[in-house]
Structures are given as C-alpha cells and as structure tokens.
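Below: one structure, written as structure tokens.
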Amino acid sequence: MQLNTTPPNEKLLDASQSHGASEPGKNDQPPKAETHVIATELSKEAQFKLEVLQTLIEPCDRVTYGKKLRDAAEKLGCSVRSVQRLIKRWETEGVACLAAAGRTDRGKYRISEFWQEFIIKTYTAGNKGSKRMKPKQVAVRVQAKAREVGDPNPPSYKTVLRVIKPIIERKEKTKSIRSPGWQGSTLAVKTRSGQDLSVEHSNHVWQCDHTRADVLLVDQYGELLSRPWLTTVIDTYSRCIMGINLGFDAPSSQVVALALRHAILPKTYGPDYKLNCEWGTYGRPENFYTDGGKDFRSNHLRLIGADLGFTCHLRNRPSEGGVVERPFRTLNDQLFSTLPGYTGSNVQERPKQTEKDAKLTLRDLEHLIVRFICDRYNQSIDARMGDQTRFQRWEAGLPNVPDVIDERHLDVCLMKASRRKVQRGGYLQFENLMFRGEYLAGYAGETVSLRFDPNDITTILIYRREKEKETFLCRAYAQSLETEHLSYDEAKASSKRLRNAGKTLSNESIHQEALERDALVEKKSRKQRQKAEQAMAKPQPPKAETSESVEVITMQEEPEVEANLDVEVFEPIDFDDLRGAW
C-alpha cells in the first residue's frame, strides 16, 4: 500500500486552534494563547502527542516530510499509517481527539506496592545469569510469601502475569530489533546505547576483532609452540584491512592498541616481504565499533580514543559483526589451509600430520599474511563494491587526505615493559640483551621506563617519568643486533633456554667441585702436619706411598711455600764494564 507523505495544509494549525477555542465567550482570544492553555490542561501523554504532531505542520518538501512522519511514528510507538489517521482526526476533531476518555487507573494494578515490588524483584532475580524463572514459579513464591506475612488475599497467577508482561515484552522487543543494515549504498550499524551509525566515508567507522589462526607454529629452534592470535582492524566503508597484530598474547587492550597503531601509521616493508602492491591505508577513525569484550571496554582503550580523537562504541548484538569477522574466513580458506601445520577449524577433523608438518615461525606467518593482504585481499573486488577494489574504494571514499600522525604520539599504544635502571655508560639489560642508548649515559643510576614493539625488540624506546608524565629520552639499540630482527617472543624463548641451561651447568659444576675437594683435601692433625713438614725439609728415600698421599701433600704444601717466598732477582754484572770504570 502506497503511503501518502504529502505535507498537511497550513490550515491544520488554524483548525486545531479553532476547535480548541469553540467554547462560548473565548472566540476573541489569540490562537497561540488558547493553544497554550489547552496544552496545559491535557495529560502528559496527550501533550507529548501534540508536540509530535506539531512538528509535522511545518512546510517542507515531500522527502523531508516522509522522514518526519517516520520519526513521529517511532516516537509514538505506532505505524506511519496510524500517525496519518491521527493527523486526519486532529484536522476534524481538534485537540480533543488527543485526550481520549479512559480509565484514570490505566496502567496501574489494584494490588499494593509491596506485591508489585516483590513480583518484579523475584522475576528479575530469577532470570539473572544462567537462571530462567517462569511466571508460574513466581506465582508459587507469591503464595509462599503470603503465608509468611499472613495475607489472605495474595495476587493470583493472572495478576502476576500482568505485572511481569511488560518486562517480558521489552525483552522480546530487544531481541527482535534488527540493525538498520544496508540502505542503498550506505550501511548503518546500531550501537549498544541505541545509536545508529551511518557509514558515510572511509575512515568513518573502523571495526576490530580477534581470532586464533588455524596454523601451528614453531620457534627458531624448531620446537612446537601453539596457534597465534590474529587481530585485524577493518574499515567498514571499503572493507579494507587497515592493520593487524600477530602474536601469542591473548586478546587484551594492549593487543588492540598495537593493532590500532599499525592501522593508523603508514606501512612500509622491506624487500624481504616480496610485495607487488603497497599497503597504502592509514589515518585515524572517527568511530571505533567493537563487541563488548573486556579488552574493548577497558579504560586504556578509551584513553587512547580520547587522545587520538575517536569515539568507542560497542555492538548491539553479535550478528552485527559480520564486516570484521568475514575476513577471518577468507584468510582461513585461502591462506591458512595451504600452509604446513594447518589445524583446521574443527578439532575432531584435524589432520594427523599437523604437528609433524609444522615448520613456520611467527615471523614467517607474518610475512605471508602481509603479502596476502597487500597483494590479494585489499586488491580484490568485494561483492558490494561493483567494479572497485577495496583499496580503490577506500581511496575514493576519503573526504580529505588523512593526516600522518607523529609516531611518537602513538607510543601510548606500544607495550610497556618493567622499569630498568640505567647502568654506567648508558647501558640497559632487557631479556638477556644488552642495550645502549645515545645520550643515555647522562642518566646513569636513574630508573627509566621501556616501551617496545613486540615484533622487533632490537630497538626500544626509553622514557623518563617527570611530573606524573613520561617524557621521551632516546632510542636504545641491542648491541651486535642492530641489523637483525628479533621479536619479543623469540627473545623470551632464548632467555628461557639460556636460563635453564645456566641453572643446569651451575648445579653440576658446584656438585662436582664439592666432591673433588672432599676427595683431595682431608683434615690433618698438628702432628701429621709437622711430620709432613719434616719430610719436606729432609728428603728421604722414596717409600711406597700411594699417589693420593703425594697429591695431598703437594696440594697442601705448595701454596704455603709459594706464599712465604720473597725472592729478589738481580741483573747479571758485567765485570769488563767495571774494570773500564776504574
């Protein structure tokens, strides 16, 4: 049925005013004053209807009026057709149609407030968490409470149902509310606070989520590790992958911050990545749209948003996360499934040779993912894009050229390590690596803070705390590793190996040294020491002594002889020179 969205005639206001002023003796009063008096005599519900209908009498074009009509229907909680009928009744009957006669106790219950609060509290408490309480179970508790307080006429089951019905309806309505979705070429998403975000251009709304890559990885020594976590940041308008973070750390606000930092900064990669296309996306979002996980509800992320100038929003329902979750399936089907160590999404159907075939390190997988995103995913045409690739749509949808944010301004997104004390010469020790920073020698003895990128810790950033703020001092470089690449996970694995090896070697050497000392050095009495000294002073014919006794005497007496000797060494005298001198 075609709805009529033609704006009402301007006589609508005059008609309402004339109907309101039909009382004898009041026809000569100004219309505005009369309207004001009538409005104050109406109920709150009728006043609200009047205010909504008055927004429809302003002259406007057909499109604007249709939008106003839909907004009015949403405010009044009815259909557009019902609003049109109400406008027609208003034209013919005046404001009297808004104050329909009805019961004065409409919406109220003929039971005491005590029973109303008891019913609502019982039902609400019985449906928290995993508990599910039915209205009949609430009625049973009402009867039990009535016997306890001595009330002979407690509320019946039907009364309990009438009290609970609005709560049940609100829950059902919340479940049935859908996201606005696609409206032509524009996508609208709903936030948990009830706000509709219309995605109008690139970098307007970014989305972020985590998944565990279905690939088993090994460390640099070939030992099996586990599946890494992949965090992606997606531009909702173009569906481009703006940035990622790959690592073994579980999802947290720090991981989200690292992914955001990668998405915001321009991305450059060396020739070892073998890229055919550049990853040209960068900038900052206006809105950050995520699910309701703890990592996305943290104060840390809100602090970053306030600092960088974007607003954090939570999704209204899980089904609205398709934009950010769809690339995970593409990566799984087109990339992960072709790699050694692929586990599959189903544990029961996992290939038998998965652990034996695993040979990729975290760095290897990061190279492959970057190459897939740059050369394939962002350069592919999405089904909704038509003849534009995702990257082309991102470029075309930019309202202006994004600002390049200073990298130091984004250090708040980097991981923060424990504090370290600067050693003499400007050296620092971190993860069994020795770092040295330029101009850091002047801060020897002071405690500083370290920030680093977990993908490469051969370079760390040094900060000093001044007046409850951290001030950047300098960069520190790992000695002898300036041209190398070492991730934080690889450094931790190396530290663990060295630490374990050090403990084993130390324990064995201490134990062996104690055994040898006990075997070679034994306690002797005073007479035994005197006899040993006499034997050393007066050589005697060799006796049949064991090699062990000879070794003991040697071990005991040689240090004393060496310690007591005070020998002066003179240069040889040339007598011919002396004769010549005389």
Side-chain angles (χ1 to χ4, degrees), residues 219-221 225 228-229 245-250 252-262 264-265 267-270 272 300 303-304 307 361-363 366 405-506:
D219 62 8
Q220 55 186 340
Y221 304 103
L225 295 176
W229 284 95
N245 183 72
L246 185 69
F248 293 103
D249 293 331
S252 64
S253 61
Q254 194 69 66
V255 173
V256 177
L258 290 171
L260 263 175
R261 186 177 191 274
H262 183 254
I264 291 172
L265 289 174
K267 289 161 275 293
T268 56
Y269 293 97
D272 54 326
H300 180 209
L303 177 64
I304 294 174
D307 189 22
T361 63
L362 185 67
R363 193 186 309 171
E366 192 259 346
I405 302 178
D406 183 19
E407 190 172 354
R408 295 283 70 77
H409 190 60
L410 291 174
D411 287 348
V412 67
C413 301
L414 289 176
M415 294 187 71
K416 182 178 179 181
S418 58
R419 301 168 70 82
R420 294 288 190 275
K421 183 171 287 188
V422 181
Q423 301 176 9
R424 184 179 299 173
Y427 289 93
L428 289 168
Q429 190 171 6
F430 175 60
E431 291 297 336
N432 276 356
L433 297 176
M434 188 61 70
F435 293 82
R436 189 177 187 277
E438 189 178 5
Y439 311 119
L440 200 58
Y443 299 93
E446 295 189 19
T447 302
V448 295
S449 176
L450 282 65
R451 289 185 180 272
F452 60 93
D453 185 353
N455 295 323
D456 185 10
I457 66 167
T458 56
T459 302
I460 60 177
L461 306 177
I462 310 300
Y463 282 80
R464 182 189 184 193
R465 193 164 187 83
E466 297 178 355
K467 297 181 181 179
E468 298 183 356
K469 291 184 179 180
E470 290 187 350
T471 305
F472 176 72
L473 292 182
C474 63
R475 292 181 177 86
Y477 302 94
Q479 299 298 291
S480 304
L481 293 174
E482 290 83 354
T483 59
E484 300 295 328
H485 184 283
L486 183 67
S487 69
Y488 180 59
D489 295 313
E490 291 173 344
K492 287 179 66 176
S494 299
S495 300
K496 186 176 180 181
R497 279 177 167 271
L498 292 174
R499 187 164 56 249
N500 293 337
K503 285 181 180 179
T504 303
L505 180 61
S506 177

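A distance of 11.0 Å separates NE2 in His409 from CG in Leu265, rounded to the nearest 0.5 Å. For the atom pair Leu362 CG and Leu225 CG, the distance stands at 8.5 Å (nearest 0.5 Å). In this structure, Glu366 CD and Asn245 CG are separated by 9.5 Å, a value rounded to the nearest 0.5 Å. Separating the CG atom in Leu461 from the CD atom in Glu407 is a distance of 8.0 Å, to the nearest 0.5 Å. Note that CG of Leu450 is 11.0 Å distant from OH of Tyr463, once rounded to the nearest 0.5 Å. Note that CD of Gln254 is 7.5 Å distant from CD1 of Ile304, once rounded to the nearest 0.5 Å.
The nearest pair of heavy atoms linking Ile460 to Phe452 is CG2-CB, 3.8 Å. In terms of heavy atoms, Gly425 sits closest to Ala441 at C-CB, 3.8 Å. Taking each heavy atom of Val255 and Ala250 in turn, the nearest pair found is CG2-O, 3.6 Å. Pairing each heavy atom of Leu410 with each of Arg261, the nearest pair is O-NE, 3.2 Å. Taking each heavy atom of His300 and Ser253 in turn, the nearest pair found is ND1-OG, 3.4 Å. Closest approach of Glu446 to Arg464, counting heavy atoms only: OE1-NE, 3.1 Å.
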Under the side chain to side chain contact (heavy atoms under 4.5 Å, CB included) criterion, do Leu428 and Ile462 qualify, and how do the steps go? CA-CA 10 Å; Leu428 289 168; Ile462 310 300; 3.4 Å; yes
Yes or no on side chain to side chain contact (heavy atoms under 4.5 Å, CB included) for Leu433 and Ile457, after CA distance, side-chain angles and deciding distance? CA-CA 10 Å; Leu433 297 176; Ile457 66 167; 4.2 Å; yes
Step by step, would you call Val448 with Arg419 a side chain to side chain contact (heavy atoms under 4.5 Å, CB included)? CA-CA 6 Å; Val448 295; Arg419 301 168 70 82; over 6 Å; no
Give the C-alpha distance, both sets of side-chain angles, the deciding distance and a yes or no for side chain to side chain contact (heavy atoms under 4.5 Å, CB included) between Thr361 and Asp219. CA-CA 6 Å; Thr361 63; Asp219 62 8; over 6 Å; no
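Using cut-offs of 30° and 60° on the angle between ring planes, the pair Phe435 and Phe430 is tilted.
In this structure, the side chain to side chain donor-acceptor pair (under 3.5 Å) partners of Thr471, at least two apart in sequence or on a different chain, are Glu466.
Within the 4.5 Å cutoff, the side chain of His262 has heavy atoms near those of the Lys267 side chain.
With hydrogens and angles ignored, the 3.5 Å screen pairs no side-chain donor or acceptor of Arg424 with any backbone N or O of Ala444. Checking side-chain atoms of Gln479 against main-chain N and O of Tyr477 turns up a donor-acceptor pair under 3.5 Å.
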